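Just so it is clear, the structure is predicted and the values come from calculations on it, not from any experiment.
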Amino acid sequence: MAATYYLPQAGGLIHDFSAYISRKNLEQVEKIGGAPYIPFKTNAVANKNGETWRRLFHEFNLNRDEFCRHYHLRSNVESTFSMVKAKFRDHVRSKTDVAMTNEVLAKILCHNVVVCIHEMFTLGLAVEFGGDAVEPNVDADEPRIIKFPGA
């Protein structure tokens, strides 16, 4: 299982693997202002590894719902990356940093378009672009309409 850290200065959640769970790593994350969300192993005990370990161990065991909410965000990110890699391959062919960033962002944009189109047909949505409704070929009683501004 992996660990999740919330680092405000880094812009959100930072993920790591539970193989790195240690008193030193927990204290280091807290020292830089992070909030570690770490799945403790089943044989972990609270009376070892200092005060930080003890407090986080009890927090983990008493607030499982909050932990699972954070962990599920991590699994969503991993699923999305896996889907993008499966559909658009996992390599980036561009040479410069800016071009590589743009290529990856284009792959993510294309993935989002594919997911939206898939859900349009799966849920029987009528999508309206600039006033003309595009009816999906789905046998639904009342298609729901999503209106996009512009074009």
Excluding sequence neighbours, so at least two apart, what forms side-chain hydrogen bond (donor to acceptor under 3.5 Å, both in side chains) with [X]?
| X | value |
| --- | --- |
| E30 | R55 |
| S82 | none |
| N61 | R64 |
| E119 | none |

Does [X] use its side chain to pair, donor to acceptor, with the backbone of [Y] at less than 3.5 Å?
| X | Y | answer |
| --- | --- | --- |
| K107 | F88 | yes |
| E103 | V92 | no |
| W53 | V45 | yes |

Q. With sequence neighbours left out, what residues match F57 under ring pair (Phe, Tyr, Trp, His ring centres under 6.0 Å)?
A. F40
Q) With the 4.5 Å side-chain cut-off for hydrophobic clustering, are V104 and V84 part of the same group? A) no
(Q) Test side-chain contact (heavy atoms from CB on, under 4.5 Å) on H111 and V115; report intermediate values, then the result. (A) CA-CA 6 Å; H111 166 74; V115 169; 3.5 Å; yes
Q: Write down the atom of H58, the atom of A46, and the distance for their closest heavy-atom approach.
A: NE2-CB, 3.5 Å
Q. Do other residues, nucleotides or ligands put more than 12 heavy atoms under 6.0 Å from the CG atom of D90?
A. yes
Q.
If hydrophobic residues (ILVMFWY) are linked whenever their side-chain heavy atoms come closer than 4.5 Å, directly or via other members, who joins L105 in its cluster?
A. none
Q. Would you call T52 and R23 a side-chain contact if the rule is heavy atoms closer than 4.5 Å?
A. no
